[in-house]
Amino acid sequence: MTPYQLGISLRRELLALWQRQGSLDSRNLQALIADLAGGGGELMPALRQMMISPALLRALNQPQPLSDPRDRDRLQAEIDAVYALPIRTSMDELLQGLFNQQVTNPGPSAEGAGTSREASPRWPQSIHVTGQAGSGTSHAAVPALLALIAGMMLMGLAGLVFALLQPRQSSPQQRAVTPVPAQPTPPVAAPKPAARIEPDPIAKQSSAVIDATGSIDAAVTSIQLLYGALSNKDFSGSNQYFSSAVGDQFDPTFFRQFERVSISDLHATSTAGSTVNLDGTVSFIYPDGSIQTESRSFSVDTSQSPGLITGSEFGRVIKAR
């Protein structure tokens, strides 16, 4: 199944679920991940990120779900901030199928089997005239036609020679032309050296702000993907988002006791090179429905893709169970 076909299939499942329930939340979307495990392949991490994205929930809870191209652009921007070019390209094609858009570069699978193609223009065939017995009159007219053509060519050549020789004849009343003395050429001023263009400090500052914003977005996405994997009990997939130095902070034994976990209110507190420091609120939902919320800090190295969590510390209990 191509990414475009997978997007069409996912659109059909989501719209059917929306028609049955009227509105959707992240739990409904995460439940579809298991069904996609056979067709998602290497796109599964990007699909998990998309399923927990607020942009997808917003696109689904519109009066006309999955119809606003701005929601599709937001989802693609989130994917582009984290993944390499092959994944971004495949997810772009998947999102076109999800939002029922014409695929930009359709492969053979995206074209209809019965697509008609414009027929190649057919050139007229050469017409061959075959002489027949008894056509003596036609053969007799050929020498006369050749003689007529030769005469016309001789007349044209004579006219051309006459036209070439005509300007060389001098008129007896032609007056001598007094030569005009040449005017001295004024000296050419030496070109001024080009002014040196200094770098615009405002442009450099804007570029730095854009780079910092991209690093913060990548760090936020990695933390969201980590807690999405922990909530789904995908502990093998969660290992790609944190280093071994903080592995004890995300022990599978600890997270198996909860029905769900989530992260919210993520905001950057400082940056140092490619490292972004953030604070957020973690919610632990127990099987009996009770919830405990805690504050936690994170350090994310965004020089890698996806960003790698290199530090994490418990802050305080905001609301006890």
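- Looking at N232, L57, L10 one by one, the single match for side-chain contact (heavy atoms from CB on, under 4.5 Å) with M51 turns out to be L10.
- If you take CD on Q76 and CZ on F99, they are separated by 10.5 Å, rounding to the nearest 0.5 Å.
- For the residue pair I79 and A46, the shortest heavy atom distance occurs at CD1-O, 3.8 Å.
- Checking side-chain atoms of S231 against main-chain N and O of Y227 turns up no donor-acceptor pair under 3.5 Å.
- Taking 4.5 Å as the limit, some side-chain heavy atom of L6 sits within range of a side-chain heavy atom of L47.
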Could you go step by step and tell me if T221 and L225 meet the side-chain contact (heavy atoms from CB on, under 4.5 Å) rule?
CA-CA 6 Å; T221 299; L225 291 175; 3.9 Å; yes

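- T281 contributes atom OG1, which lies 12.5 Å from atom NZ of K319 (distance to the nearest 0.5 angstrom).
- Put simply, OG on S295 and CD1 on I318 are 5.0 Å apart, with the number rounded to the nearest 0.5 Å.
- Under a 3.5 Å cut-off, the side chain of Q62 and the backbone N or O of A59 do not form any donor-acceptor pair.
- Between the side chain of W18 and the main chain of P65, no donor-acceptor pair closer than 3.5 Å is present.
- For F250 and F254, the ring centers sit 6.0 Å or farther from each other.
- In terms of modelled atom types and a separation under 3.5 Å, the side chain of R11 and the main chain of L66 share a donor-acceptor contact.
- In this structure, S274 and D301 approach most closely via the heavy-atom pair OG-OD1, 3.2 Å.
- Between Q292 and E294, the side chains place a donor N or O and an acceptor N or O closer than 3.5 Å (distance only, hydrogens not considered).
- Here the side chains of L43 and I87 are in contact, with some heavy-atom distance below 4.5 Å.
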Please lay out, stage by stage, how L266 and Q224 fare under the test side-chain contact (heavy atoms from CB on, under 4.5 Å).
CA-CA 9 Å; L266 280 169; Q224 290 176 337; 4.1 Å; yes

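- Both tests hold for R321 against Y286: distance to the six-membered ring centre under 6.0 Å, angle to the ring axis within 45°.
- Across F255 and V261, no two heavy atoms sit closer than the pair CD2-CG1, 3.9 Å.
- The structure places CG of L95 at 13.0 Å from CG of N100, a figure rounded to the nearest 0.5 Å.
- Smallest separation of non-hydrogen atoms from L56 and M50: CD2-O, 3.3 Å.
- By the rule that hydrophobic residues join a cluster once side-chain heavy atoms approach within less than 4.5 Å of another member, L94 and M1 end up as members of one cluster.
- Between T302 and T275 there is no side-chain heavy-atom pair separated by less than 4.5 Å.
- Annotation: side chain of L98 is not in contact with side chain of I8 (no heavy-atom distance under 4.5 Å).
- In this structure a side-chain-to-backbone donor-acceptor pair under 3.5 Å is missing from S53 to Q49.
- In this structure, CZ on F235 lies 8.5 Å from CG on D251, to the nearest 0.5 angstrom.
- Taking 4.0 Å as the cut-off between side-chain N and carboxylate O, D73 and R70 do not count as a salt-bridged pair.
- A heavy-atom distance below 4.5 Å is found between the side chains of T213 and D217.
- What you find for F242 and G247 is that their closest heavy atoms are CE1-CA, 3.7 Å.
- Contact of the V300 side chain with the I223 side chain is registered, since non-hydrogen atoms from C-beta on lie closer than 4.5 Å.
- Interatomic distance, CZ of R20 versus CG of L15, reported as 11.0 Å (0.5 Å rounding).
- Remark: the N277 side chain and the S270 side chain contain an N/O donor-acceptor pair separated by less than 3.5 Å.
- Under the 4.5 Å side-chain criterion, counting only non-hydrogen atoms from C-beta, V282 is not in contact with T293.
- A donor-acceptor pair under 3.5 Å is absent between the side-chain atoms of S238 and the main chain of A229, judged by distance alone.
- Summarising the geometry of V317 relative to F314, their closest heavy-atom pair is N-CZ, 3.7 Å, with the distance given to 0.1 Å.
- When hydrophobic clusters are built by joining Ile, Leu, Val, Met, Phe, Trp and Tyr residues whose side-chain heavy atoms come closer than 4.5 Å, directly or via intermediates, I52 is grouped together with F258.
- Listed for the E93 side chain is no donor-acceptor partner under 3.5 Å among the backbone atoms of S90.
- Counting only distance, with no hydrogens or angles, the side chain of S67 and the backbone of Q64 share a donor-acceptor pair below 3.5 Å.
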Can you give the donor-acceptor pairs under 3.5 Å from side chains of residues 306-313 to other protein atoms, not counting sequence neighbours?
{"unit_1": "T310", "atom_1": "OG1", "unit_2": "S299", "atom_2": "O", "d": "3.4"}
{"unit_1": "S312", "atom_1": "OG", "unit_2": "R296", "atom_2": "NH1", "d": "3.0"}
{"unit_1": "S312", "atom_1": "OG", "unit_2": "S297", "atom_2": "O", "d": "3.4"}

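- Between R260 and F284 there is no side-chain heavy-atom pair separated by less than 4.5 Å.
- Remark: D68 does not engage R74 in a salt bridge, criterion side-chain N to carboxylate O under 4.0 Å.
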